[in-house]
Amino acid sequence: MECVYTGKTKDVYSLENGNYLLKFKDDVTGENGVFDPGANTVGLTIEGAGKAGLRLSKFLFEILRDKGVPTHYIDANIEEATMTVKPAKVFGNGLEVICRYRAVGSFLRRYGMYAKEEQPLDALVEFTLKDDSRQDPPITEDALVMLGILSSEEYKAIKDLTKKIAGIVKDELAKKGIELYDIKFEFGRVGKDKQIALIDEISGGNMRAYKDGKSIEPLLLEKLMLED
Ligand SMILES: Nc1ncnc2c1ncn2[C@@H]1O[C@H](COP(=O)(O)OP(=O)(O)OP(=O)(O)O)[C@@H](O)[C@H]1O
Ligand SMILES: [Mg+2]
């Protein structure tokens with residue numbers, strides 16, 4: 001098993017049969033010990049965070065599979081904190097696609113002149129470049145196409161898929177009385193036909209969730225979502 005990438009919260013291994021193995025670590029993004037899904041640094045290490053993130057990812061990826069949504073997911077081993085996935089080619093050096101239902105985080109920092117904190121947003125989709133040295137800058141469709149990162153058709157497909165998947169996650173959280181404020185996805189091209197599919201993870205570390213007006217940390221979110 002060859003390690004092909006060491007990420008902030010996961011390591012990526014290449015398996016002999018060509019699939020990838022994602023190993024979930026206990027590192028969480030944030031700053032100075034405070035969780036922030038939008039941060040580009042590891043802010044804290046929480047024992048059990050890796051397995052908890054994997055359990056929620058497994059739960060949500062299997063719901064998406066049942067609904068016929070294309071993803072990289074094959075299966076997960078909670079004990080080992082690993083997920084087996086189909087290898088994907090990312091767009092450029094990687095994109096993050098955010099779906100927003102309420103104005104918080106970087107959206108509020110950027111548009112604070114107009115946006116009120118926590119104001120409702122109607123599944124607003126934003127694309128950002130994965131570029132830690134430039135703080136993951138937001139990018140428009142025109143710039144993505146002009147820079148050759150993706151085509152207009154691919155942009156539209158990713159945007160539609162983002163709204164669909166975020167809606168499914170939002171509904172799952174709502175069943176537990178939890179409100180999804182925003183969520184971040186990654187997409188790639190998978191397989192011979194280069195189908196656009198959801199990759200990476202869908203865990204507490206990639207979303208902001210609130211219950212009774214209070215923000216819930218990833219570990220608590222995963223506990224609330226997976227207990228009966
Ligand atoms: N199916 C896949 N094929 C190829 N690469 C993948 C696949 N799924 C996830 N990845 C990549 O694996 C890496 C996982 O690492 P990790 O989640 O630690 O993120 P990172 O890139 O360090 O940064 P960030 O925390 O900003 O997401 C990411 O670069 C992600 O794009
Ligand atoms: Mg990541």
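Every number for a ligand or one of its atoms is a count from 1 in the order of the listing. Values below: all heavy atoms of this structure, side chains included; hydrogens, waters and symmetry mates excluded.
One finds a salt bridge joining E172 and K175 here, because a Lys/Arg side-chain nitrogen approaches an Asp/Glu carboxylate oxygen to under 4.0 Å. Between K156 and D160 a salt bridge is recorded (basic side-chain N to carboxylate O distance below 4.0 Å). Salt bridge status for R100 with E126: present, with a side-chain N to carboxylate O gap under 4.0 Å. D132 and K8 are joined by a salt bridge, as a carboxylate oxygen and a charged side-chain nitrogen come within less than 4.0 angstrom of each other.
L44 and I216 are assigned to two separate hydrophobic clusters, defined by single-linkage of ILVMFWY side chains at heavy-atom distances under 4.5 Å.
For ligand 1, the atoms lying closer than 4.0 Å to a non-hydrogen atom of Y20 are 3 (N), 4 (C). Close approach of ligand 1 to E96 is summarised as follows: ligand atoms under 4.0 Å from at least one heavy atom of the residue are 26 (O), 27 (O). Within ligand 1, counting atoms from 1 as listed, the ones closer than 4.0 Å to a heavy atom of H72 are 1 (N), 2 (C), 7 (C), 8 (N). Every atom of ligand 1 is numbered from 1 in the order shown, and the set under 4.0 Å from a heavy atom of E186 is 27 (O), 30 (C), 31 (O).
Inclusion of K86 in the set of residues having an N or O under 3.5 Å from an N or O of ligand 1 is warranted. Backbone and side-chain nitrogen or oxygen atoms of Y5 are examined, and one is located within less than 3.5 angstrom of a nitrogen or oxygen of ligand 1.
Under 4.0 Å from ligand 1, the heavy atoms of V85 that appear belong solely to its side chain. Contacts with ligand 1 closer than 4.0 Å are made by no heavy atom of K89, backbone or side chain. At a heavy-atom cutoff of 4.0 Å, ligand 1 is contacted by the side chain of V12 but not by its backbone.
Nearest to atom 22 (O) of ligand 1 among the protein's heavy atoms is K8 N, 2.8 Å. The nearest protein atom to atom 3 (N) of ligand 1, hydrogens excluded, is given as A88 N, 2.9 Å; this is a heavy-atom distance. K10 NZ, 2.5 Å is the protein heavy atom nearest to atom 17 (O) of ligand 1. Residue, atom and distance of the protein heavy atom nearest to atom 6 (C) of ligand 1 are I199 CD1, 4.0 Å. Scanning the protein heavy atoms around atom 28 (C) of ligand 1, the nearest turns out to be K130 NZ, 3.7 Å.
Closest heavy-atom approach to atom 8 (N) of ligand 1 within the set T41, V42, D200: this belongs to D200. For atom 16 (P) of ligand 1, the nearest non-hydrogen atom from the set T9, L198, D131, V4 belongs to T9.
Applying the 6.0 Å contact sphere to CG of D122 captures no more than 12 heavy atoms from other residues, nucleotides or ligands.
Checked against the 6.0 Å centroid criterion, the rings of Y13 and Y5 do not qualify as a close aromatic pair.
Below 30°, between 30° and 60°, or above 60°: for Y181 and Y210 the angle between ring planes is below 30°, a parallel geometry.
Here the rule is salt bridge (charged side-chain N to carboxylate O under 4.0 Å, His left out) with E179, and of K214, K170, R102, R208 only R102 fits it.
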Trace of the salt bridge (charged side-chain N to carboxylate O under 4.0 Å, His left out) decision for D11 with K23
CA-CA 5 Å; D11 292 333; K23 170 87 182 172; over 6 Å; no

